[in-house]
Amino acid sequence: MISIVNISDESAPLVGDNQYELRINNRVMTTFQHERSVDGLPRCLRDAADAMDAKRVKDAQRFNEDALLQLATILSDGVDDNPSQAQIKKAKRKADRPPASPSEVLFKFFADQGLTIERAAERMGVSAMVLYRLKSSNSVSVKLAVMLEEHFNIKASQLFYIEEQYKRHKLQRALERAKQREEL
């Protein structure tokens, strides 16, 4: 259930700026400020959507920065010291490559854990075909994401972010090819 809750103190004006929380299933996703008015519901919904978009962008940036630092640490042979500029540049070059598909990321994770697809599926209590279907569709279902989070501590939000980046890259490539065809 999605809810928008006014969390302003009791002295807040009935018309004017108020503080709100956007909640999904009673979990606070973000907070935002909204100018309350008599007919302000559409504006409040837009403000809530904007606040959620801003949170997603911030989370994605933080995820990218964390991934770059982890990659730089790996490239520095696991030394936890601050990575050098050269290592960070090397990590950024690797990060500039086309994004991996969700299935590539997931199957690499399984391989790093020493698991075959069959063993991973067995551990999750599903048919191996469920995971092989992911390889062909590159689309993560909510049910599968929740199962991966439960059994392997893989954050579902990270899987969906990877999927979104992969699809965005594919769309950009398709648009570039279409423009090239038009220019010919």
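Worth saying up front: this structure is predicted, and the values here are computed from it rather than measured.
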_Pairwise side-chain contact, V15 with R36, heavy-atom cut-off 4.5 Å (strictly under)_ = no
*To the nearest 0.5 Å, what is the distance between CE (M124) and CZ (R119)?*
14.5 Å
_Nearest heavy atoms of I117 and A128, plus distance in Å_ = CG2-O, 4.3 Å
*Roughly how far, to the nearest 0.5 Å, is SG of C44 from CG of D39?*
12.5 Å
_Let me confirm one number: the CE-CZ distance from M29 to R56, rounded to the nearest 0.5 Å._
8.0 Å
*Evaluate whether atom CZ of R123 has more than 12 neighbouring non-hydrogen atoms of other residues, nucleotides or ligands under 6.0 angstrom away.*
yes
*Distance from I24 atom CD1 to S3 atom OG, nearest 0.5 Å?*
9.0 Å
*Under 4.5 Å between side-chain heavy atoms, hopping through other hydrophobics if needed: is there a path connecting F32 to L45?*
yes
*Spatial distance of atom OG (S127) from atom CD (E122) [nearest 0.5 Å]*: 11.5 Å
*asked:* Could you measure the distance from the CG atom of L175 to the CD atom of Q180? Nearest 0.5 Å is fine.
replied: 11.5 Å
*Give a yes or no on whether V5 and I2 share a hydrophobic cluster (residues Ile, Leu, Val, Met, Phe, Trp, Tyr; joining criterion: side-chain heavy atoms under 4.5 Å apart).*
no
*Which residue pairs pass the salt bridge (Lys or Arg N to Asp or Glu O under 4.0 Å) test with at least one member in residues 4-26, sequence neighbours excluded?*
E21-R23
*Which atoms form the tightest heavy-atom contact between Q33 and D47, and what is the distance?*
O-OD2, 4.1 Å
_H34 and Y20 aromatic ring geometry - parallel, tilted or perpendicular at 30°/60° bounds_ = perpendicular
*Quick one: closest heavy-atom pair of L22 and A48, and the distance?*
CD2-O, 3.9 Å
*asked:* Looking at R43 and D50, is any side-chain nitrogen of the basic one under 4.0 Å from a carboxylate oxygen of the acidic one?
replied: yes
*So, N18 side chain and S8 main chain: donor-acceptor pair closer than 3.5 Å or not?*
no
